[in-house]
Amino acid sequence: MGRAEERRARQRGGRRAAPPTRSSGTPSEGIAPGGRAAARKAAARGKKGAKKGKSGIRRLFTWKKILGAFLGFCLLGIGAFIVMYMMIDVPKGNAAAQKQSNIYRYSDGSVMARVGDTNREIVDLAEVPKPVQRTFVAAENKTFYTDAGVDLKGTARGLINTLSGKGKQGGSTITQQYVKNFYLDQDQTVTRKLRELVISLKVDRTTSKDDILAGYINTSYYGEGAYGIQAAAQDYYRVDAKDLSVEQGAYLAALLQAPSQYDWAVASPTGKKLVQARWNYVLDNMVEQGWLNKAKRDAMTFPVPKPPKADPGLEGQKGYMVKLANQQLEKQLVKTQGITQDEAEARVENSGWTITLNIDKKKQAQLEKSVKTQLISKLDPKKRPVDKNVQAGAASVDPKTGKIVALYGGTDYTKHFYSNANRTDYQPASTFKPVILAAALENASETQGGKAIGANTIYDGTSKRQVVDSNGNKVGFGPENEDDANYGKVTVQTAMDKSINSVFAQMGVDVGMDKVLATATKLGMDTGELKPLPAYTLGTMGASPIQMAGVYATLDNHGKQVTPTIIKSAEQGGTETRMPDPIGEQVISREAADTVTSVLTGVVDDGTAKKSVQQNPARDGRKVAGKTGTSDDNKSAWFTGYTPDLVTSVGLFGEDYKTHGQSKLYNTAGLDRVNGGGFPAQIWAAYTFGVAAENSKFDLDTDQGAAVQPTWTPSPSVSRSETPSSTPTTEKPSETPSETPSETPSQSPPSQSPSQSPPTGEQSTPVEITTSPENPFDPNGDQ
């Protein structure tokens, strides 16, 4: 039995049991007293070394200890919160005290404008209709009337996002947002969020829900400089807060999520869709809460806001300059401080900034005078209704520094809110052609005949000539030249001088429209999501005078990118905000940029700007390069030109004075049509020759173009053709720009095979163009 018991002990304990002592008796008498206990102790001693580490970890991390640590951490957090709750008092409201006038100065330091008193008028909640009050609750905080003033999940999410650098996130209650607006500030810090949490709890305990809601809707920022519901009601609907409808209230409530993006007057198509979706969300929540009848809600339509009205004291050009300065400062704050656009707007508006502009008082006065003498004085709205629809915009830039030294945004900021200098809803037309040539030179592109594209390269200038790809296939695009003129074989220089559409349409395809758009982006145009379509060779995308001035300034600056900026310095409370350098990297080679400049001197000396610019008696030997442009259906006309020290882009836009939609410029000032070589070039010349340095010359690193070699043109004279040399397309591209260019013919004349390889060789007989004697501002006709 002793051996059997020993085996069983080994099986139970995994170790040999202690043998019985000699005095324990015979085997038949069993294990001596204490034998089982001895076996267990021996087994335990055997395990001690092998499992020492494992048992130590188990003793350290038992579930009891983990639970205890968790509870201790919770108690510590609760204790810390209690201490914080006891230590943090509700401060005095400071939002109103922080709002101050902004001061805007000219480049010489003299004051241009003071934009003062915050646009806010406090109203009692009783003056706001109950249904309108509920639109804000439905939009921001459906549990407002029953919660304790805080959203712990939202606050925790905000803290995590702040710590991880993700910035602002939604989730705050109306009480928390009111506390942030009235007692604290917009800083995205952990300390501020914790203070917001504590103060919100205290405010909810000591303040009625109605008072909190009143404070919230009276302190919130609604965009367009409007603080509070009364100012917003006046700005967006021209009514007092007491007269707001539910539909209008829902729009104002929706605005608070993103005032800049959702402001109907300046919202992009995407922004307009988003705010309408938000508006529907607000009304649907009201139905869900039982605050709005379903049938009434279904009958509601979106209330489009009124056009914005300008702040007083910003008459003339001042408002346009102030608005552009604010926009550029806000953009920089968003970039450097990681805040949202609406937060940046709130920080800039009436917040004690001193902003010095790059605007030169002398140049600004000369630009305004030039528009008045060369355009406005020739308009007679009483005699010709079309003259009411004429809008001018201009931007003048120093190419060496990127400074916007003069700006013309419209007749008066208080009468025409939108800045024509910064609008991008009109086509730049043929002022885009230099970009195509720049892309060809930068990419060392060749014609389909294998010839390098340059100033002397020969192209077929036949009107409506079908554009063909590298395989000789028609691409479905055959643009018409101005007056359907056929030029035959011409050089690129002549094509630029005469603005021949058919040549640049083919050149764009030879280069590759993807490369053309890439070059446009490098030069400073906003090409967005444009697809590489041949139709864009005619400049059928949107662009502003500021953008085009930047493009040409980059060419003037020998290929180093120039981003026009109106801000010289911006200071708040003794701290200056550093603005980005307007001069960037070399985006195209100097040779490519200088070659384009050389070619563009021919447009002035021998082309569509000859009468207005080259023959202008005030030119006084100044070297000038530039390009005219006239868009589809005469809705816009341009001249963008430059001397070595000054670049200016002038645009004329047809805008219906009632609907603000695009309209045609035909019969403006009694003329058949308005071309870039007319009013825009006249304004440009009167301004530039009044302020630009005299006897300045281009320093060009090129052996091509009109500036460095005699110009010549092939022999065929211009003819007005009714039958093009090749079959024009009747098909439209899969994605067309906003306006179909007039150069695209609507009928297919008899088909002829297009030349697939541009011919080579030079011919010397000049091309002659007939000038319309009835239109002194249409010297050559351009597109």
Side-chain angles (χ1 to χ4, degrees), residues 94-122 185-186 218-219 221-228 230-232 234-235 259-260 263 265-266 308-333 341-365 367-368 395 403-422 565-579:
N94 59 12
Q98 289 180 347
K99 296 305 175 184
Q100 307 172 51
S101 297
N102 286 349
I103 300 174
Y104 300 83
R105 302 179 183 274
Y106 287 108
S107 60
D108 64 1
S110 59
V111 175
M112 183 193 77
R114 293 179 185 270
V115 180
D117 303 332
T118 303
N119 183 19
R120 178 191 288 126
E121 180 181 350
I122 303 297
D185 54 39
Q186 305 295 321
N218 276 308
T219 59
Y221 180 64
Y222 295 77
E224 294 297 348
Y227 289 85
Q230 173 66 11
Q234 282 289 338
D235 279 8
S260 177
D263 181 356
V266 297
K309 58 181 181 180
D311 294 329
L314 297 179
E315 66 282 347
Q317 300 304 305
K318 295 178 183 178
Y320 301 120
M321 293 185 279
V322 166
K323 185 174 183 180
L324 179 61
N326 286 353
Q327 289 172 341
Q328 292 190 351
L329 178 56
E330 289 160 8
K331 181 179 180 180
Q332 183 67 359
L333 293 178
Q341 177 63 33
D342 56 299
E343 288 173 334
E345 286 186 24
R347 290 192 184 187
V348 171
E349 290 281 348
N350 304 338
S351 298
W353 288 88
T354 297
I355 302 174
T356 302
L357 309 182
N358 288 318
I359 298 296
D360 182 290
K361 290 176 71 175
K362 179 182 177 181
K363 289 182 173 65
Q364 181 65 32
L367 180 57
E368 293 179 31
K403 296 178 179 179
I404 298 177
V405 295
L407 185 82
Y408 190 88
T411 53
D412 191 318
Y413 181 74
T414 62
K415 298 175 182 177
H416 186 268
F417 184 79
Y418 310 104
S419 174
N420 296 324
N422 205 27
T565 179
I566 197 171
I567 296 179
K568 182 178 182 180
S569 65
E571 177 266 330
Q572 182 190 43
T575 302
E576 183 173 340
T577 295
R578 185 178 180 85
M579 299 300 293

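Fair warning: this is a prediction, and the values are worked out from it, not measured in the lab.
- Going from atom CG of L314 over to atom CZ of R114 covers 13.5 Å, rounded to the nearest 0.5 Å.
- Interatomic distance, CD of E330 versus CD of E343, reported as 12.0 Å (0.5 Å rounding).
- For Y320 against H416, the heavy-atom pair with the smallest separation is OH-O, 2.6 Å.
- Evaluation of the side chain to side chain donor-acceptor pair (under 3.5 Å) rule for Y104 yields N102, N326 as partners, not counting sequence neighbours.
- Between F417 and Y413, the ring-plane angle classifies as tilted under the 30° and 60° cut-offs.
- For the atom pair NZ of K568 and CD1 of I359, the computed distance is 12.0 Å after rounding to the nearest 0.5 Å.
- With 3.5 Å as the limit, one finds no donor-acceptor pair spanning the side chains of Q332 and Q328.
- Here Q364 contributes atom CD and Q317 contributes atom CD; the two are 6.0 Å apart, rounded to the nearest 0.5 Å.
- Between R347 and Q572 the shortest side-chain heavy-atom distance does not fall below 4.5 Å.
- In this structure, CG in L357 is found 7.5 Å from CD1 in I567, a value given to the nearest 0.5 Å.
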Quiz item: After noting the C-alpha distance and the side-chain angles of Y222 and D235, does the key distance pass the side-chain contact (heavy atoms from CB on, under 4.5 Å) rule?
Solution: CA-CA 10 Å; Y222 295 77; D235 279 8; over 6 Å; no

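- The shortest heavy-atom contact between L407 and A395 is CD1-CB, 4.3 Å.
- The shortest distance between side-chain heavy atoms of Q327 and L324 falls below 4.5 Å.
- Closest of all the heavy-atom pairs between D360 and S107 is CA-OG, 3.8 Å.
- Looking at heavy atoms from C-beta onward, T354 lies in side-chain contact with R105 at the 4.5 angstrom threshold.
- Taking each heavy atom of P259 and G223 in turn, the nearest pair found is CB-N, 3.6 Å.
- Proximity of S419 to K323: side-chain heavy atoms (C-beta onward) are nowhere separated by under 4.5 Å.
- Residues V322 and M112 have side chains in contact (heavy-atom distance under 4.5 Å, counting atoms from C-beta outward).
- The OG1 atom of T411 sits 8.0 Å away from the CG atom of N420 when rounded to the nearest 0.5 Å.
- When all heavy atoms of N358 and T565 are compared, the pair lying nearest together is ND2-O, 3.0 Å.
- Taking all atoms of both residues into account, the shortest heavy-atom contact from S260 to V266 is O-CG2, 4.1 Å.
- Residues Y418 and P308 form a side-chain contact, since some pair of their non-hydrogen atoms from C-beta on lies under 4.5 Å apart.
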